[in-house]
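Throughout, protein chains are lettered first and strands after them, A, B, ... in sequence-line order, and every chain is numbered starting at 1. Keep in mind the model is a prediction, meaning the values are calculated, not measured.
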Number of protein chains: 2
Amino acid sequence: MSLELQCPLPLHNYPTVTMGHGGGGRLSQQLIEGMLRPALSNPALDALHDGARLALGGEQVAFTTDSYVISPLFFPGGDIGALAIHGTINDLAMCGAQPLALAVGLIIEEGLPMETLWRVVQSMQAAAREAGVAVVTGDTKVVERGKGDGIFINTSGIGLIPPGIVLDPRRAAPGDHVLLSGPIANHGIAIMSVREGLAFETALESDSAALHGLVAGLLEAVGTHVHVLRDPTRGGVASALNEIAQAAGVGMSLDEAAIPLDEAVRGACEMLGLDPLYVANEGKCLAIVAPEQSEAALASMRAHPLGQSAAIIGHVNSTNPGRVTLRSRIGGSRVVDMLSGEQLPRIC
Amino acid sequence: MSLELQCPLPLHNYPTVTMGHGGGGRLSQQLIEGMLRPALSNPALDALHDGARLALGGEQVAFTTDSYVISPLFFPGGDIGALAIHGTINDLAMCGAQPLALAVGLIIEEGLPMETLWRVVQSMQAAAREAGVAVVTGDTKVVERGKGDGIFINTSGIGLIPPGIVLDPRRAAPGDHVLLSGPIANHGIAIMSVREGLAFETALESDSAALHGLVAGLLEAVGTHVHVLRDPTRGGVASALNEIAQAAGVGMSLDEAAIPLDEAVRGACEMLGLDPLYVANEGKCLAIVAPEQSEAALASMRAHPLGQSAAIIGHVNSTNPGRVTLRSRIGGSRVVDMLSGEQLPRIC
């Protein structure tokens, strides 16, 4: 018989699961820290954000999993199939790992057109081939009409971490520079524009892409001087940096003018009333790097096709532990909190 | 740009995905062989049924994934949480691997009582602890009410295959004996009885259990003389043995009287009009073993608490390639085909 544990999360405060519990912000964090981690906790689970690091046959191996429930299934710049390959490759990359193999679990709603499934599978194939990673095993389940939503995809992955590389949010240290590999908010705005039926002058496309090549170059260039990597997906740059600041007990100061943002995306965010710092990305990478190597890190990012607009957007400080602040274009300073609740549901 | 491939599965014959495509029988096989495998194919994907085998740092590593969509979430003898741990451990075990680590992806429907989630998570924890395996990483997504069904769980796993062990359905050879670790159909009948609101004199419970201990004992006892392992889940013993017979190009002869079956389950099957050979199991193992070691293999299974009723239920032959036949209790012989379509939807 299992011991009946007391759930650390006060269940009466949240009697049911809400959309916000999946949004990547404060509610997600409460669910994970208040229920899932205490129940399933172990040293490896505590180690990393996007995956676990394991010793295996003398190698350091990263192991990650991610489910993709994005709606709609097809969107400008991508689809759920490519996203389910890119996203898990990126989780591995954020552990410092080069991907070795992927496993795919499909949960299909009865009545999905077979043609749609075929388009999704073809897209997965193309994305995996382009990234040079193999899907080595899979599973298929079907649920009744009205018990799913077209198709959900889970992709897990294993990868190899180069010797000596230890990425951990707790390694963010005062003085470190915060790098961002390119313009933000493209993915979330592309999804939003389809959902809302908005037409913009410029086509807004998701940035869905696999970042393992960019990360390989970065680690080759500055190695152990990279302290933390994170892809700002659900909850955006703001939530990702808040999590790192909390984990390391440090503050962060960002310079708004330095944050890459496409003009068309800026306009769409203003129109929709969205702060781009909270909008999801699927092909961008944050790197916390020792200051003496940050220019070399930046040069390495910019040398990669996916990092041409990379920038140093701020630095780590010791003055405001756990807090991220932003110096605005007009000179003022404000606190950038975590996303609370849900901004754009089912964005990935 | 990706090449537009022609889907090998004639899409006009199956314009939409049906429940049968997830049933583990002929339709599932058509979907996998006709679409998924050709698109995503590679050598590792071809190698094994329940997972892939990879060389990593001098070790042979098994990598598996499985999604659990069982309805109802709680049933006699188990629940979706324990099942999601047992099932993936068993997939690893059927590759000959001892589990190293699990990764869990939750897809939760908005409105799920938090108390239900907590019960599921506690059950996962208890099952993982009992099996001595760690959940090392995870992911949580939430979908809107009416777009999911309470909770779906994907569990992927990695494990270590002992040196020299190569399990492959194609290794089933004429003369080999077919072993079964215990009575069949308990899982499917337990689920069916809850769904249909049936009450039987004897409580019918799922056999949900982790088989890695039984498999470790078996491989220690007879090692490379084990040619194939398979857990007869969706589609039951009949579909599992048909798949092996087809893969190896051999026939199989089963002896009905030798197949372990609990009396209460036999009665329930008769009442419900179900053939126990097609009903799912979640804690049973088929082993194809070289004849000279089959008694030792049987003794090893019977020495394990989960294998006390193990039996030799038939043998591999060369007379009917790809065909499984059953000698019935009354002496006649009949062909045992694969499950076609869906018998018990969402059984795992």
In terms of ring plane angle, is the pair A/Phe152 and B/Phe152 parallel, tilted or perpendicular, where the classes change at 30° and 60°?
tilted
Just wondering, more than 12 heavy atoms not from A/Arg195 lying within 6.0 Å of its CZ?
yes
Under a 4.5 Å heavy-atom cutoff, which of A/Tyr14, A/Phe63, A/Tyr68 has the most pairs with chain B?
A/Phe63
Between A/Val104 and chain B, with a heavy-atom cut-off of 4.5 Å, which part of the residue counts as in contact: side chain, backbone, both or neither?
backbone
Is A/Glu110 close to chain B through its backbone or its side chain, or both, or neither, when contacts mean heavy atoms under 4.5 Å?
both
Using every non-hydrogen atom in the two residues, find where A/Ala101 and B/Leu54 come nearest and quote the distance to one decimal.
CB-CD1, 3.8 Å
Roughly how far, to the nearest 0.5 Å, is the CG atom of B/Leu40 from the CG atom of A/Leu102?
10.0 Å
Taking all non-hydrogen atoms of both residues, which atom of A/Val142 and which atom of B/Gly22 are closest, and how far apart?
CG2-N, 3.4 Å
Has the side chain of B/Asp139 got a donor or acceptor atom that lies under 3.5 Å from a matching backbone atom of A/Ser67?
yes
Between A/Thr18 and chain B, with a heavy-atom cut-off of 4.5 Å, which part of the residue counts as in contact: side chain, backbone, both or neither?
backbone
Most contacts with chain A, counted as non-hydrogen pairs under 4.5 angstrom, among B/Leu31, B/Asp149, B/Thr116, B/Val61
B/Asp149
Counting only heavy atoms from other residues, nucleotides and ligands, does the tally under 6.0 Å from CD of B/Glu33 exceed 12?
yes
Considering only heavy atoms from C-beta outward, does the side chain of B/Thr65 approach that of A/Thr65 to under 4.5 Å?
no
If you compare all heavy atoms of B/Gly51 against all heavy atoms of A/Thr137, which two are closest, and at what distance to 0.1 Å?
CA-OG1, 3.5 Å
Look up atom CE in A/Met124 and atom CG in B/Leu36, then write down how far apart they are to the nearest 0.5 Å.
9.5 Å
Chain B contact via A/Arg119 - side chain, backbone, both or neither, heavy atoms under 4.5 Å
neither
Minimum heavy-atom separation for B/Gly105 to A/Asn154, with atom names?
CA-ND2, 4.1 Å
Under a 4.5 Å heavy-atom cut-off, does chain B meet the side chain of A/Leu117, its backbone, both or neither?
both
Hey, could you give me the CD/CD distance between A/Glu59 and B/Glu59, rounded to the nearest 0.5 Å?
10.0 Å
From NE2 (B/His21) to CG (A/Leu106), nearest 0.5 Å
13.0 Å
Need one label for B/Pro15: side chain, backbone, both or neither, based on atoms under 4.5 Å from any heavy atom in chain A.
backbone
What part of B/Thr64 is in contact with chain A, defined as an atom under 4.5 angstrom from a non-hydrogen atom: side chain, backbone, both or neither?
backbone
Results of ring pair (Phe, Tyr, Trp, His ring centres under 6.0 Å) for B/His86 - residues two or more places apart only:
none
Find the one option among A/Gly58, A/Gly148, A/Gly150 whose heavy-atom pairs under 4.5 Å with chain B are most numerous.
A/Gly148
Please report the closest heavy-atom contact between B/Lys141 and A/Cys348, naming both atoms and the distance.
CE-SG, 3.7 Å
Atom group of A/Ile70 that falls short of 4.5 Å from chain B, counting heavy atoms
neither
Honestly, the part of B/Ile108 sitting under 4.5 Å from a heavy atom of chain A is side chain
Do you know the tightest heavy-atom contact between B/Val143 and A/Met19?
C-SD, 3.6 Å
Would you call B/Val17 and A/Met114 a side-chain contact if the rule is heavy atoms closer than 4.5 Å?
yes
Which of B/Thr140, B/Asp91, B/Asp66 touches chain A most, by non-hydrogen pairs under 4.5 Å
B/Asp66
Okay, A/Ile107 and chain B: the region with an atom under 4.5 Å from a heavy atom over there is side chain
